[in-house]
J.: 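I have a structure I would like to understand better, so I am pasting it below and will then ask my questions one at a time.
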Amino acid sequence: MPELPEVEVTRRSFAAAIEGATVLQARLGKPLRWPLGLASECLLGARVGAVSRRGKYLWLPLSRPKASGGLLLHLGMSGSLAFSPGLADAPAGAHDHFDLQTDRGLLRLTDPRRFGAVVWSEAIDADPAAKLLGGLGMEPFDLRFDGTHLHAGLSGRRVAVKLALLAGDIVVGAGNIYACEALFLAGIDPRLAAAKLSRPRAERLAQAVRAVLAQALEAGGTTLRDFKDAHGVAGSFQMQARVYGREGQPCLTCATPIKRIVQGQRSTFFCPQCQKR
DNA sequence: CGTAGGACCTGTTGGC
DNA sequence: TGCCAACAGGTCCTAC
C-alpha cells in the first residue's frame with residue numbers, strides 16, 4: 001500500500017489531532033518486523049510531539065520527564081494507521097498490532113502482513129532510527145532534488161533505471177506504482193541501464209517523479225485494496241494510473257497494449273511504444 | 001562497492 | 001465448488 005504519498009496523506013490526517021496528547025496506554029499485538037526496543041509501559045505519560053516523515057517512515061516524537069525519544073513507524077506493504085478520537089471502543093482485531101491510546105484518541109496500526117515496524121529510538125538521529133534512515137536518498141520535494149542529483153546518483157550503476165529508483169538511495173518515495181508511472185511520464189524504458197540515462201532525460205525523470213508523487217498526494221494516495229488515511233478515507237490515484245496494473249490495456253497515449261515484465265521479482269508496467277531506451 | 005536473490009508474512013485472485 | 005500457484009503497496013540481509 002504505502003509509498004510516499006500514502007504515508008504523507010496518513011501523516012497529515014492525524015498529526016494535528018495527536019500533537020500534544022498524553023500517552024495513557026500502549027499495546028502490542030503480534031510481532032512486527034522488529035521488536036519495539038523498549039517495554040511498552042515506558043511510554044506511559046509521554047507527550048506526543050509533531051509527527052514528521054522521512055521517506056516512507058513516520059517519526060512520532062515522545063517526550064517523557066526523564067528520557068525522551070520517539071517512535072519510528074513504517075507501514076510495510078499492508079499497513080495503515082487509524083486515529084479515532086476518544087478512548088478505544090473497537091476491540092483490537094487480528095491484524096491490529098500496535099495501539100497507542102492517548103487522552104485525545106487512539107492511534108492504531110493495522111498490518112496483516114506485518115512487514116511494518118514500530119521502533120523506539122532515543123532520537124531520530126540516534127540508533128536505531130539513524131541506522132534505518134541513514135541510507136535514504138533525497139526527499140523528492142527537496143529543492144535540491146533535480147536532474148543533476150538524479151543523474152549523479154544513477155551514474156556507475158548497471159541495474160535497470162527502475163530498480164535504481166526503487167532502491168531509494170538516490171531519491172526516496174517512489175515505490176512500485178509511482179516508479180512505473182514516473183518512467184511512463186518521462187518516456188523512459190524501465191529496463192534501460194541506470195548509467196545510460198542521459199543528463200536531459202534524468203532531468204525529465206526527476207520532474208516526472210515529483211509530478212507523479214504530487215498528483216498522488218493530491219488524490220489522497222492510491223487505494224488498490226485497503227489503503228485508508230487515519231480517518232478511514234481512501235485514495236483515488238489508481239483511477240489516474242497510466243500504466244500500473246494495466247497490462248494488456250491500451251496505452252492512453254498511443255493505444256499500444258501495456259506490457260508487464262518482472263524486474264527484481266516485482267511487476268513493472270510500461271508502454272513499449274512510448275517508453276524508449 | 002554494486003548486484004542478485006532470499007527472507008519476512010498473510011490474504012486475495014485466477015486458472016484448472 | 002475446491003485447491004493451488006501466483007501475486008500484492010517494502011526493504012533488509014547475505015552472499016558473490
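Here is the naming used below: chain letters follow the sequence lines, and residue numbers restart at 1 for every chain. All values reported here derive from a predicted model rather than from experimental measurement.
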J.: Given that A:Gly156 and A:Ala94 both sit by DNA chain B, which one's nearest nucleotide is further toward the 5' end?
T.: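 This one resolves to A:Gly156.
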J.: At less than 4.0 Å, is any side-chain N or O atom of A:His95 found next to OP1 or OP2 of B:dG11? Yes or no.
T.: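 Indeed, a polar side-chain atom of A:His95 lies that close.
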J.: Within the side chain of A:Arg54, is there an N or O that forms a donor-acceptor pair under 3.5 Å with the backbone of A:Trp59?
T.: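 Checked: no pair found.
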J.: Given that A:Pro112 and A:Arg157 both sit by DNA chain B, which one's nearest nucleotide is further toward the 5' end?
T.: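 That would be A:Arg157.
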J.: Hey, does the side chain of A:Tyr178 come within less than 4.0 Å of C:dG10's phosphate (OP1/OP2), counting only N and O?
T.: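 It does not, given that no N or O in the side chain of A:Tyr178 lies less than 4.0 Å from OP1 or OP2 of C:dG10.
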J.: Rounding to an integer number of Å, can you tell me how far A:Tyr244 OH sits from C:dC7 P?
T.: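 Computing the A:Tyr244:OH to C:dC7:P distance gives 12 Å.
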J.: List the residues meeting ring pair (Phe, Tyr, Trp, His ring centres under 6.0 Å) with A:Phe14, not counting sequence neighbours, and say none if there are none.
T.: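 For A:Phe14 there are no ring pair (Phe, Tyr, Trp, His ring centres under 6.0 Å) partners, ignoring immediate neighbours.
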J.: What nucleic acid atoms does A:Phe237 come within less than 4.0 Å of, heavy atoms only: base, sugar-phosphate, or nothing?
T.: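 If one applies the 4.0 Å heavy-atom cut-off, A:Phe237 turns out to touch nothing in the nucleic acid.
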J.: Is there aromatic stacking of A:Phe115 on B:dC9 here, judged by a ring-centre distance under 5.5 Å and a plane angle under 30°?
T.: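 Taking the rule of under 5.5 Å and under 30°, the ring of A:Phe115 does not stack on B:dC9.
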J.: Which nucleotide, C:dC7, B:dT3, B:dT10, lies nearest any side-chain atom of A:Arg260?
T.: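 Nearest listed nucleotide: C:dC7.
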J.: If you check the A:Ser267 side chain, which of C:dG10, C:dA8, B:dG5 turns out closest?
T.: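 Given the options C:dG10, C:dA8, B:dG5, the side chain of A:Ser267 is closest to C:dA8.
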J.: Report yes if a side-chain nitrogen or oxygen of A:Lys131 is closer than 4.0 Å to either non-bridging phosphate oxygen (OP1 or OP2) of C:dC13; otherwise report no.
T.: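 Yes, within the criterion.
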J.: Contact between A:Leu183 and A:Leu192 at the side-chain level, heavy atoms closer than 4.5 Å - yes or no?
T.: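 Answer no - side chains too far apart.
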J.: Just to confirm, is there a sub-4.0 Å distance from OP1 or OP2 of B:dC9 to any side-chain nitrogen or oxygen of A:Lys30?
T.: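 For B:dC9, neither OP1 nor OP2 has a side-chain N or O of A:Lys30 closer than 4.0 Å.
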J.: Can you check the A:His74 NE2 to C:dC12 P distance for me, whole Å?
T.: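 A:His74 atom NE2 is separated from C:dC12 atom P by 7 Å.
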J.: Take atom CD1 of A:Ile177 and atom C1' of C:dA8, then tell me their distance rounded to the nearest Å.
T.: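 These atoms are roughly 10 Å apart.
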J.: Just so I know, are the side chains of A:Cys271 and A:Phe184 near enough to count as touching, which here means a heavy-atom distance under 4.5 Å?
T.: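 Heavy-atom side-chain distance check passes, below 4.5 Å.
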J.: Identify which nucleotide among C:dT11, B:dT3, B:dG6 has an atom closest to any side-chain atom of A:Gln265, counting heavy atoms from C-beta outward.
T.: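 Looking only at side-chain atoms, A:Gln265 lies closest to B:dG6.
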J.: Between A:Ser40 and A:Leu28, which heavy-atom pair has the shortest distance, and what is it?
T.: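 Nearest heavy atoms, A:Ser40 then A:Leu28: CB-CD1, 4.5 Å.
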J.: A:Glu181 side chain to A:Tyr244 main-chain N or O, any donor-acceptor pair under 3.5 Å?
T.: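 Yes.
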J.: When the ring centroid of A:Phe237 is compared with that of A:Tyr178, is the distance short of 6.0 Å?
T.: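 Yes.
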J.: Rounding to an integer number of Å, can you tell me how far A:Asp96 CG sits from B:dT10 C1'?
T.: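 Computing the A:Asp96:CG to B:dT10:C1' distance gives 14 Å.
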J.: Within the structure, does a side-chain N or O atom of A:Arg113 lie under 4.0 Å from either OP1 or OP2 of C:dA8?
T.: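 No, because none of the side-chain N or O atoms of A:Arg113 sits under 4.0 Å from OP1 or OP2 of C:dA8.
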J.: Rounding to the closest angstrom, what is the interatomic distance between B:dC9 and C:dT14 at atom P?
T.: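 Approximately 16 Å lies between the P atom of B:dC9 and that of C:dT14.
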J.: What integer distance in Å separates A:Ile170:CD1 from B:dT3:C1'?
T.: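 Rounded to the whole Å, the gap is 14 Å.
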J.: Rounding to a whole Å, what distance do you find between A:Arg266:CZ and B:dG5:P?
T.: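 Roughly 15 Å, once rounded to whole Å.
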J.: Report the stems of DNA chain C as range-with-range entries sorted by first number; a stem here is at least three consecutive pairs, Watson-Crick or G-U wobble, both distances under 3.5 Å, and write none if there are none.
T.: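 Counting only runs of 3 or more consecutive pairs, the stems involving DNA chain C are B:2-8 with C:10-16, B:10-16 with C:2-8.
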J.: Just so I know, are the side chains of A:Pro2 and A:Thr10 near enough to count as touching, which here means a heavy-atom distance under 4.5 Å?
T.: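 Of all side-chain heavy-atom pairs linking A:Thr10 with A:Pro2, none is under 4.5 Å.
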J.: What is the separation between atom CD on A:Gln263 and atom P on B:dA4, rounded to the nearest whole Å?
T.: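 After rounding, the reported distance stands at 10 Å.
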J.: Expressed in angstrom and rounded to an integer, what is the separation of A:Leu72 atom CG from C:dT11 atom P?
T.: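 Computing the A:Leu72:CG to C:dT11:P distance gives 11 Å.
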J.: With a 4.0 Å cut-off on heavy atoms, is A:Arg33 in touch with a base, just the backbone sugar-phosphate, or nothing at all?
T.: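 Since a base atom lies under 4.0 Å of A:Arg33, the category is base.
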